[in-house]
Protein chains: 2
Amino acid sequence: MRPRIEVDRSSPIPLYFQVAEQIAEAIRTGELAPGDQLDSEVQIAESLGLSRPTVRQAIGHLVDRGMIVRRRGVGTQILPMPVRREMELTSLHDDLARSGRAPATDVLLLARVPAEPEAAAALGLAAGTPVTKVVRLRRSQGEPLAVMRNWLPEPVPPLTEEVLETRGLYEVLRKAGIRICVARQRIGACTADAEQAALLEERRGAALLTMERTAFDDSGRAVEFGSHIYRASRYSLEVTVTEH
Amino acid sequence: MRPRIEVDRSSPIPLYFQVAEQIAEAIRTGELAPGDQLDSEVQIAESLGLSRPTVRQAIGHLVDRGMIVRRRGVGTQILPMPVRREMELTSLHDDLARSGRAPATDVLLLARVPAEPEAAAALGLAAGTPVTKVVRLRRSQGEPLAVMRNWLPEPVPPLTEEVLETRGLYEVLRKAGIRICVARQRIGACTADAEQAALLEERRGAALLTMERTAFDDSGRAVEFGSHIYRASRYSLEVTVTEH
DNA sequence: TAGTGGTCTAGACCACAGC
DNA sequence: CTGTGGTCTAGACCACTAG
């Protein structure tokens, strides 16, 4: 089984990426259903006029995303429940916007401050080094969802409350030429104290999901540290884990 | 900069894997420090007598793990904080054992039961289908750490309380020939009810981290559903996320 | 036995970064 | 300009699975 795929050799988009995206799209639309067997790599390569390594690279990307599995001697098969993976390198803002859940943001703080020890350590700076600190309350459909605290080392892109109220932080950083390529996250849980409860319109003692994240650009520099709390009653994280 | 690497062409271990492991080991031991520039792919390939694609495949694995970054026109660089990633496709038991934290397990239930609707849905079965249910209390260094509930569809490998008290579930499944290759997880938080609090030696209302996981083998069959709670005061999850 | 994916080679051209 | 990683080719041999 093979979805209809067309490759454009004049496009600047890599061929393997064009193939991967079109197979992924076929899975999303249901043209390829869970359990379906994909044509062999050789067959796909011949039918598209590509080499086998190129096709293999395309399929490899889908395997990494947990959308399909390969078995030697058997073939390549579509996995059930190919839900979109969350916990990609995107912001909560982008996630909400993509799923049509009207994100809104209140900027509670935007200031240049001496880095707290925890933030400084995460960013690889000495405590007290000047950094830009941002605290935001993220709402979705009117409901408070998360309190997000971020620390940005200098040089920092131009940030205004206005921009932060309409754009996700990652989008702003990306447009400022900061290319985040890897992030390390620690996920835990806690209960709401009085201040957190008030902000999030929860009761004291309500369950909160916590996430700390340090993000690096492609030069290995830490470009952002975030410490966020989410209302567990309204939010959870999804992860797809693959072996090999 | 290049760590000392030796490849054994007579070994059944793939060459790219040998190279990747030895570079990773050099990073772990500090022979390669954060910020160090790796030799170019061509240089490494020549010095090892391998082709460039093979070396590239090795480095690609490390990039996927968030240990290094590649920049076109610049080179390949070691990232800071090369902590081992958690949230791999391993069991909590294995994680604890690897870090020397003496896991112990109490089997609270091991029985064949009709699947609850939630578990049946996750496994793709009709509610009430007979499944094997396991409930375990996992301890580390004497302290309760997690309550783990698992549902296994038939055919189920032979399970005994004795085996489950000394081995992780994933290890048992692996030895029974069940090769888990992809899992989808949902992570959230809740507060402890009276029963959970008693088991985990926490107060009622204490923060708990929740994880639900459905695991698939390489034929796309759901082979396990787990619903686990962890003491947030003793446990958190780590994830490394990479772009591209 | 035939067909699959897993690995590997020895090249090639390109875009990009830094000098 | 040189050197880097990013992409791509056209083969090859192998281990494994299924019929």
Side-chain angles (χ1 to χ4, degrees), chain A residues 1-2 7-21 23 36-64 68-79 177 179 181 217-221 242-244, chain B residues 1-2 7-21 23 36-64 68-79 177 179 181 217-221 242-244:
Chain A
M1 196 156 195
R2 172 175 64 251
V7 295
D8 174 7
R9 301 194 83 106
S10 69
S11 162
I13 299 171
L15 298 174
Y16 80 87
F17 193 81
Q18 295 183 34
V19 174
E21 278 305 291
I23 295 176
D36 281 357
Q37 198 88 8
L38 216 57
D39 277 6
S40 78
E41 297 173 352
V42 176
Q43 285 172 333
I44 294 177
E46 279 176 359
S47 79
L48 297 177
L50 300 174
S51 70
R52 185 185 158 206
T54 299
V55 171
R56 188 170 169 74
Q57 188 179 6
I59 294 176
H61 273 232
L62 303 177
V63 172
D64 289 343
I68 62 183
V69 284
R70 290 193 278 218
R71 275 188 296 169
R72 167 156 41 181
V74 178
T76 302
Q77 198 175 75
I78 313 300
L79 274 176
R179 290 164 301 187
C181 70
D217 70 5
D218 55 12
S219 72
R221 193 176 73 101
T242 58
E243 179 89 348
H244 292 184
Chain B
M1 194 155 194
R2 171 173 66 252
V7 296
D8 175 7
R9 301 195 82 106
S10 68
S11 162
I13 299 170
L15 298 175
Y16 80 87
F17 193 81
Q18 295 183 35
V19 174
E21 278 305 290
I23 294 176
D36 281 356
Q37 197 87 11
L38 216 57
D39 277 5
S40 77
E41 297 173 350
V42 175
Q43 284 173 331
I44 295 176
E46 280 176 359
S47 80
L48 297 177
L50 300 174
S51 70
R52 185 184 159 206
T54 299
V55 171
R56 188 170 168 72
Q57 187 178 6
I59 294 176
H61 272 233
L62 303 178
V63 172
D64 289 343
I68 63 184
V69 285
R70 287 191 282 215
R71 276 188 296 169
R72 166 155 47 180
V74 178
T76 303
Q77 196 175 80
I78 313 299
L79 274 175
R179 288 163 303 187
C181 69
D217 69 7
D218 55 12
S219 72
R221 193 175 75 100
T242 57
E243 179 90 347
H244 292 182

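Order of the sequence lines sets the chain letters (A, B, ...), proteins ahead of strands, with each chain counted from 1. What you see below is based on every heavy atom in this structure, not just the backbone, and it leaves out hydrogens, waters and symmetry mates.
- Counting all heavy atoms, side chain and backbone alike, B/Leu15 lies closest to B/Leu50 at CD1-CD2, 3.6 Å.
- The CD-C1' distance, from B/Glu46 to C/dA10, rounds to 12 Å in whole Å.
- Contacts of A/Arg56 with the nucleic acid, taken as non-hydrogen atoms under 4.0 Å apart, include base atoms.
- For B/Tyr16 and C/dG6, the OH to C1' distance is 8 Å, given to the nearest whole Å.
- Consecutive Watson-Crick or G-U pairing (both distances under 3.5 Å) extending over three or more pairs maps onto DNA chain C as C:1-18 with D:1-18.
- At the phosphate of D/dT9, OP1 or OP2 sits under 4.0 Å from a side-chain N or O atom of A/Thr54.
- Within 4.0 Å (heavy atoms only), A/Pro14 reaches sugar-phosphate atoms of the nucleic acid but no base atom.
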*Please report the C-alpha distance between B/Val69 and B/Leu79 in whole Å, then the side-chain angles of each, then the deciding distance to 0.1 Å, and finally whether the side chain to side chain contact (heavy atoms under 4.5 Å, CB included) criterion is met.*
CA-CA 7 Å; B/Val69 285; B/Leu79 274 175; 3.9 Å; yes

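- You'll find the side chain of A/Asp39 stays beyond 4.5 Å of the side chain of A/Glu46, heavy atoms only.
- If you measure from atom CD1 of A/Ile44 to atom C1' of C/dG5, you get 12 Å, rounded to the nearest angstrom.
- A/Arg52 comes within contact range of at least one nucleobase, with a heavy-atom separation under 4.0 Å.
- With D/dG5, D/dC8, C/dT7 as the candidates, the nucleotide lying closest to the side chain of A/Gln57 is D/dC8.
- When rounded to the nearest whole Å, the span between NE2 of B/His61 and P of C/dC8 equals 10 Å.
- With respect to A/Asp218 and A/Arg179, a salt bridge is recorded, a charged nitrogen being found less than 4.0 Å from a carboxylate O.
- For A/Asp36, there are no side-chain hydrogen bond (donor to acceptor under 3.5 Å, both in side chains) partners two or more places apart in sequence or in a different chain.
- Each of A/Gly73 and A/Phe17 has a nearest nucleotide on DNA chain D; the 5'-most of these lies closest to A/Phe17.
- For A/Arg9, the side-chain atoms get nearest to D/dC8 when compared with the rest of C/dG18, D/dC8, D/dA18.
- Residue A/Ser40 places no side-chain N or O under 4.0 Å from the OP1 or OP2 atom of C/dG3.
- The nearest pair of heavy atoms linking A/His61 to A/Ala20 is CB-CB, 4.4 Å.
- Whole-Å rounding puts the A/Asp217 CG to C/dA17 P distance at 13 Å.
- Residue A/Ser51 has no polar side-chain atom (N or O) positioned under 4.0 Å from OP1 or OP2 of D/dA10.
- The separation between A/Arg72 atom CZ and C/dG5 atom C1' is 7 Å, rounded to whole Å.
- Summarising the geometry, the separation between CZ on B/Arg71 and P on C/dG18 is reported as 7 Å, rounded to the nearest angstrom.
- Among the atoms of the strands shown, none is found under 4.0 Å from any heavy atom of B/Ile59.
- In this structure, B/Gly75 and A/Gly49 both approach DNA chain D, and ranking their closest nucleotides by distance from the 5' end singles out B/Gly75.
- Heavy-atom nearest nucleotides on DNA chain C were determined for B/Pro53 and for A/Asp39, and the one closer to the 5' end corresponds to A/Asp39.
- Counting to the nearest Å, the C1' atom of D/dG3 and the CZ atom of B/Arg70 are 16 Å from each other.
- For A/Thr76 and C/dT4, the shortest distance from a side-chain N or O to OP1 or OP2 is not below 4.0 Å.
- The line from CZ of B/Arg70 to CG of B/Leu38 is 10.5 Å long, rounded to the nearest 0.5 Å.
- For the atom pair CZ (B/Arg9) and CG (B/Leu48), the distance works out to 9.5 Å, reported to the nearest 0.5 Å.
- Closest contact between the side chain of A/Glu41 and the listed nucleotides D/dC8, C/dG6, C/dG18 involves C/dG6.
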